[in-house]
Amino acid sequence: MRISGIDAITYGVEDVELSRRFFADWGLKEVSPGNFETLNGCEVKIRHKNDAALPPAMEAGSTLREVVWASDVAMPAMTDPNGLALSFRPSRKRTIHPPGVPANAWGHYPRVDRPGPVYARAEPVEVGHLVLFTDRLDEMERFYVQRLGFLVSDRYPDRGVFLRCAPEGGHHDLFVLQTPASKPGVNHVAFAVRDLYEVFGGGLHISRCGWTTEIGPGRHPISSAFFWYVKCPAGGLAEYYADEDYVTPAWQPRELTPSPENFAEWAITGGIDGTTRRQASGPALEAGTAGRAVRE
Ligand SMILES: [Fe+2]
């Protein structure tokens with residue numbers, strides 16, 4: 001069996017119209033009402049939480065209801081120990097052209113005679129990873145490793161495990177987190193964008209649309225990615241990220257301590273916006289909405 005990534009996700013939500021507006025602003029393409037696609041064809045489906053066709057929910061309210069993993073081997077649908085429905089299919093995702101634009105580094109100049117882009121908004125490439133709360137961390141790790149063949153990339157002993165579905169690829173496709181109070185649920189769904197420039201362009205745009213930044217921009221020491229997290233009406237948070245570590249079987253899993261510094265080397269709570277950037281053309285802030293742009 002070879003699982004290569006996330007091919008589709010389905011949310012069950014309390015307010016379908018609000019979630020549709022969010023994902024349109026987020027930069028996904030709505031191919032039919034409630035059915036969105038990322039740039040490479042990864043599907044994001046929005047359904048009402050009481051839709052009888054949905055599998056049972058792992059938590060109350062708006063949340064993830066199903067994940068479809070891309071697999072080159074037929075597998076029966078199943079439910080993970082968290083109560084999240086999983087199914088499997090050959091990938092329907094496409095290769096993206098053009099790919100992202102690399103950043104120049106001292107002594108290494110992959111971008112020659114070519115400026116770095118400025119994005120007016122993000123168009124996410126795909127759903128890159130999920131982060132789930134759990135109250136059964138060991139069981140979740142065993143299920144994903146032994147049943148589905150995932151690998152451990154890094155670990156917070158007794159607190160969390162970063163898992164990747166393929167030996168070579170992005171640092172994690174799934175992070176499972178257990179806190180003393182946690183119950184099964186979604187923490188966030190992360191959307192890979194093409195390059196680090198798009199993290200900033202996307203975050204600024206979603207702020208201008210009036211959605212609330214939880215934290216970002218910022219940078220994870222674990223995975224190295226630049227991030228921007230926004231409150232998502234479909235459940236948990238949505239994340240833009242880029243410049244994630246790419247690992248191979250040579251990667252040695254680390255044991256790390258949960259801490260604010262391991263979550264973020266640096267980050268801005270509430271985000272940045274037109275006013276924060278001190279740009280005359282940025283949208284004005286309403287009194288009492290510091291850190292959040294008004295809807296344009
Ligand atoms: Fe993430």
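Each ligand, and each atom within it, is numbered from 1 in the order the structure gives. All figures in this text were calculated on a predicted structure; none of them were measured in a lab. Residue indices begin at 1 and follow the sequence shown.
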Asks: For the side chain of Ser32 and the backbone of Asn35, is there at least one donor-acceptor N/O pair under 3.5 Å apart?
Replies: no

Asks: Quick check on salt bridge (charged side-chain N to carboxylate O under 4.0 Å, His left out): which of Lys29, Arg92, Lys45, Arg94 does Glu37 satisfy it with?
Replies: Arg94

Asks: Can you spot which of Glu244, Arg164, Glu239 makes a side chain to side chain donor-acceptor pair (under 3.5 Å) with His129?
Replies: Glu239

Asks: Please tabulate, for side-chain N and O atoms in residues 167-176, each donor-acceptor pair with protein atoms closer than 3.5 Å (sequence neighbours left out).
Replies:
{"residue": "Glu168", "atom": "OE2", "partner": "Tyr246", "partner atom": "OH", "Å": "3.0"}
{"residue": "His171", "atom": "NE2", "partner": "Asp154", "partner atom": "OD2", "Å": "2.6"}
{"residue": "Asp173", "atom": "OD2", "partner": "Cys165", "partner atom": "N", "Å": "2.8"}

Asks: Once side-chain contact (heavy atoms from CB on, under 4.5 Å) is applied, do any residues pair with Lys49, and if so which ones, sequence neighbours excluded?
Replies: Glu14, Arg65

Asks: Which protein N, O or S atoms does the Fe ion (ligand 1) have within a distance shorter than 2.8 Å?
Replies: His129 NE2, His188 NE2, Glu239 OE1

Asks: List in chain and number order the residues that pass side-chain contact (heavy atoms from CB on, under 4.5 Å) with Asn187, two or more places apart in sequence or in another chain; answer none if no residue qualifies.
Replies: Val131, Phe133

